[in-house]
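Take a look at the structure below.
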Amino acid sequence: MNYFLRKRILVTGGAGFLGSHLCERLLGEGHDVICVDNFFTGTKDNIAHLLNNPYFELMRHDVTFPLYVEVDEIYNLACPASPIHYQFDPVQTTKTSVHGAINMLGLAKRVKAKIFQASTSEVYGDPTTHPQPEHYWGNVNPIGIRSCYDEGKRCAETLFMDYRRQHGLRVKVARIFNTYGPRMHPNDGRVVSNFIVQALRNKPLTLYGEGTQTRSFCYVSDLIEGFVRLMNSPDDLAGPINLGNPGEFTMLELADTIRDLTGSRSPFVHAPLPQDDPKQRQPDITQARHHLGWEPKVALRDGLAPTIAYFEQLLERQG
Ligand code: NAD
Ligand code: UDP
Ligand code: UDP
């Protein structure tokens, strides 16, 4: 790439599921990528194929501590994302969202970088409005077991908007809805990975509650396209902007589809519904369509096929 067009881009959480796909995409566009990760939930396997690229640099670092690098853009993704992982050390989860945001915003302020925040549909909590538009303020329990994640991300959004208002920073906030694809963790307890691993092993598929709660699942390549479009959008577009696939499914429907695609003999079993589990979730993506010309292209069955193939290979390697 032309020297003047090549940007130095920092991706925090770059060794994770979404971060590794983003690093790949940015390198593919010819940029210089610095991946920062403390490997809490990410792995070197996710980025091993990038290590020989001279434009890729890996730093082991925890974003709750200050970081001094010179970059043009920052994608702040560092944060455990699945309930099992973010509830493992809830205090550290809040610190990662809040102190991590403060440090990355301080860095962006010093070097005048544009900064993107990976926020979440969890800011809507257990929503009373359906589907969820960005102007909905949410229904979040501030003291429950999901709060470390939900409130941490909400506070991070506040910080992003205040650094914009107070210091004139160029910020971009994406509210990401459930996303799936290759490089998801096999043990992070999320529904897509759980069902696929269970189906491939012909073990019972664990439906929490009745399985009538809904989620809307976005394939990773669609989401990464949305990230890049939002980052490259005009400076006056700060968001928050919903990024997700409006196709909404009950967990029973998801289980049926995965059983069908894997040809599995797994039965269904029911387990208790976790505390504060949202009953329904679907993104209203009017804003993303309008401002970014973006909408997901990959249907659930089409995205599940490569995801299942990824888990098949992973389980084979693990024996
Ligand atoms: P992930 O767990 O695979 O990736 C998170 C990465 O952050 C990991 O590599 C982890 O090691 C790293 N990390 C965690 N704490 C850190 C710290 N203190 N310092 C440095 N690195 C740290 O999860 P993911 O699914 O790739 O999620 C990436 C981001 O997107 C997260 O911020 C998450 O909240 C957000 N998000 C994801 C989804 C989804 O469905 N995957 C939905 C909404 C929001
Ligand atoms: N910071 C950082 N890298 C930088 C600049 C700042 O990690 O290049 C951190 C710094 O530790 C500080 C935080 O970002 O605590 C917020 O910085 P800001 O300048 O907004 O606030 P202040 O330094 O005045 O507290
Ligand atoms: N879920 C389930 N079985 C599982 C794992 C999850 O029925 O083995 C349900 C969970 O209760 C929730 C939905 O699937 O209603 C999505 O869970 P996930 O942890 O993937 O994402 P989140 O709740 O954070 O949206």
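Start at 1 and go down the list; that is how both ligands and their atoms are numbered. From a predicted model like this one, the values you see are computed outputs, not experimental measurements.
Contact annotation: Met184 has no heavy atom less than 4.0 Å from any atom of ligand 1. Ligand 1 does not have Lys95 within reach: every non-hydrogen atom of the residue lies 4.0 Å or more from it. Ligand 1 has no atom lying under 4.0 Å from any heavy atom of Gly100. The closest approach between a heavy atom of Tyr149 and any atom of ligand 1 is below 4.0 Å. No heavy atom of Phe65 sits closer than 4.0 Å to any atom of ligand 2. Between Glu122 and ligand 1 there is no heavy-atom distance shorter than 4.0 Å. Thr12 does not count as a contact of ligand 1, since none of its heavy atoms falls under 4.0 Å from the ligand. Not a single heavy atom of Arg183 sits less than 4.0 Å from an atom of ligand 1. Using a 4.0 Å heavy-atom cutoff, Arg146 is listed among the residues neighbouring ligand 3.
With hydrogens and angles left out, the side-chain atoms of Asp126 and Asn139 include no donor and acceptor closer than 3.5 Å. In this structure, a donor-acceptor pair under 3.5 Å is absent between the side chains of Glu248 and Ser216. Between the side chains of Ser266 and Lys203, no donor N or O sits under 3.5 Å from an acceptor N or O.
With a heavy-atom cut-off of 4.0 Å, Thr206 touches ligand 3 through backbone and side chain alike. Only the backbone of Phe39 comes within 4.0 Å of ligand 1, counting heavy atoms alone; no side-chain atom from C-beta on gets that close. Contacts between Val192 and ligand 3, counted as non-hydrogen atom pairs separated by less than 4.0 Å, are absent for every part of the residue. Contacts between Val63 and ligand 1, counted as non-hydrogen atom pairs separated by less than 4.0 Å, involve both the backbone and the side chain. At a 4.0 Å heavy-atom cut-off, ligand 1 does not touch His85 at all. Looking at Ser82 against ligand 3, nothing comes within 4.0 Å, counting heavy atoms. Contacts of Lys109 with ligand 2, taken as heavy-atom pairs under 4.0 Å, involve the side chain alone. At a heavy-atom distance under 4.0 Å, atoms from both the backbone and the side chain of Val191 approach ligand 3.
Scanning all protein heavy atoms for the shortest distance to atom 4 (O) of ligand 1 gives Gly16 CA, 3.5 Å. Atom 3 (N) of ligand 2 has Leu67 O, 2.7 Å as its closest protein atom, hydrogens excluded (heavy atom only). If you check which protein heavy atom lies closest to atom 17 (C) of ligand 1, you get Asn38 ND2, 3.3 Å. For atom 40 (O) of ligand 1, the closest non-hydrogen atom of the protein is Thr179 N, 2.9 Å. When only non-hydrogen protein atoms are considered, atom 17 (O) of ligand 2 lies nearest to Gly106 CA, 3.3 Å. In terms of protein heavy atoms, atom 38 (C) of ligand 1 is closest to Ile176 CG2, 4.0 Å.
When the heavy-atom distances from atom 6 (C) of ligand 1 to Gly13, Cys35, Ala156, Pro80 are ranked, the shortest goes to Gly13. With Ser20, Gly181, Ser119 as candidates, the residue nearest to atom 44 (C) of ligand 1 on a non-hydrogen basis is Ser119. Checking Tyr208, Phe268, Phe195 against atom 6 (C) of ligand 3, the nearest heavy atom belongs to Tyr208. Scanning Gly14, Cys79, Gly19, Gly42 for the heavy atom closest to atom 7 (O) of ligand 1 points to Cys79. Of the candidates Thr41, Thr64, Val11, Thr41 brings a heavy atom nearest to atom 10 (C) of ligand 1.
Atoms of ligand 1 found under 4.0 Å from any heavy atom of Asn178, numbered from 1 in the order shown, are 40 (O). Atoms of ligand 2 lying under 4.0 Å from at least one heavy atom of Arg110, given by number and element, are 4 (C), 5 (C), 8 (O). Taking a cut-off of under 4.0 Å to the non-hydrogen atoms of Gln92, the atoms of ligand 1 that pass are 18 (N). Listed by number with element, the atoms of ligand 2 under 4.0 Å from a non-hydrogen atom of Tyr68 are 3 (N), 4 (C), 5 (C), 8 (O). Of all the atoms in ligand 2, the ones that sit under 4.0 Å from a non-hydrogen atom of Ile102 are 13 (C), 14 (O), 16 (C). Close approach to Pro66 involves these atoms of ligand 2, each under 4.0 Å from a residue heavy atom: 7 (O), 11 (O). Each of the atoms 31 (C), 32 (O), 33 (C), 34 (O) of ligand 1 lies under 4.0 Å from some heavy atom of Lys153. Within the listing of ligand 3, atoms 19 (O), 20 (O) sit less than 4.0 angstrom from a heavy atom of Arg190. Close approach to His61 involves these atoms of ligand 1, each under 4.0 Å from a residue heavy atom: 19 (N), 20 (C). The atoms of ligand 1 that sit less than 4.0 Å from any heavy atom of Arg190 are 25 (O), 39 (C), 40 (O), 41 (N).
Ion pairing between a basic and an acidic side chain is recognised when a charged N comes within 4.0 Å of a carboxylate O; Glu122 and Arg281 show such pairing. Lys279 and Glu210 are not joined by a salt bridge, as no carboxylate oxygen comes within less than 4.0 angstrom of a charged side-chain nitrogen. In summary, Asp72 and Arg8 engage in a salt bridge, as defined by a charged side-chain N under 4.0 Å from a carboxylate O. Between Glu24 and Arg183, at least one side-chain nitrogen of the basic residue sits less than 4.0 Å from a carboxylate oxygen of the acidic one, meeting the salt-bridge criterion.
No option in Gln87, His185, His85, Gln92 other than His85 meets the side chain to side chain contact (heavy atoms under 4.5 Å, CB included) test with Pro80. Results of the side-chain hydrogen bond (donor to acceptor under 3.5 Å, both in side chains) test with Tyr136 over Thr128, Thr129, Asp284, Asn242 single out Thr128 as the only residue that passes. Of the options Arg175, Lys153, Glu157, a side-chain hydrogen bond (donor to acceptor under 3.5 Å, both in side chains) to Ser119 is made by Glu157 and by none of the others.
Within the model, atoms OG1 of Thr41 and CZ of Phe17 stand 12.0 Å from one another, a figure rounded to the nearest 0.5 Å.
A cation-pi arrangement is absent between Arg170 and Phe116 under the rule of less than 6.0 angstrom and at most 45 degrees off the ring axis.
Ligand 1 has no N or O atom lying under 3.5 Å from any N or O atom of Val36, backbone or side chain. Considering backbone and side-chain N/O atoms, Tyr163 comes within less than 3.5 Å of an N/O atom of ligand 2. On a distance-only criterion, Asp37 and ligand 1 share at least one N/O pair closer than 3.5 Å.
In terms of heavy atoms, Phe177 sits closest to Gln282 at CE2-C, 3.8 Å.
Protein heavy atoms are found less than 4.0 angstrom from atom 11 (O) of ligand 2. There is no protein heavy atom less than 4.0 angstrom from atom 25 (O) of ligand 2. The presence of a protein heavy atom under 4.0 Å from atom 8 (O) of ligand 2 is confirmed.
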Applying ring pair (Phe, Tyr, Trp, His ring centres under 6.0 Å) to Phe249 and Phe217, what does each step give before you reach the verdict? CA-CA 8 Å; Phe249 299 87; Phe217 299 101; 7.0 Å; no
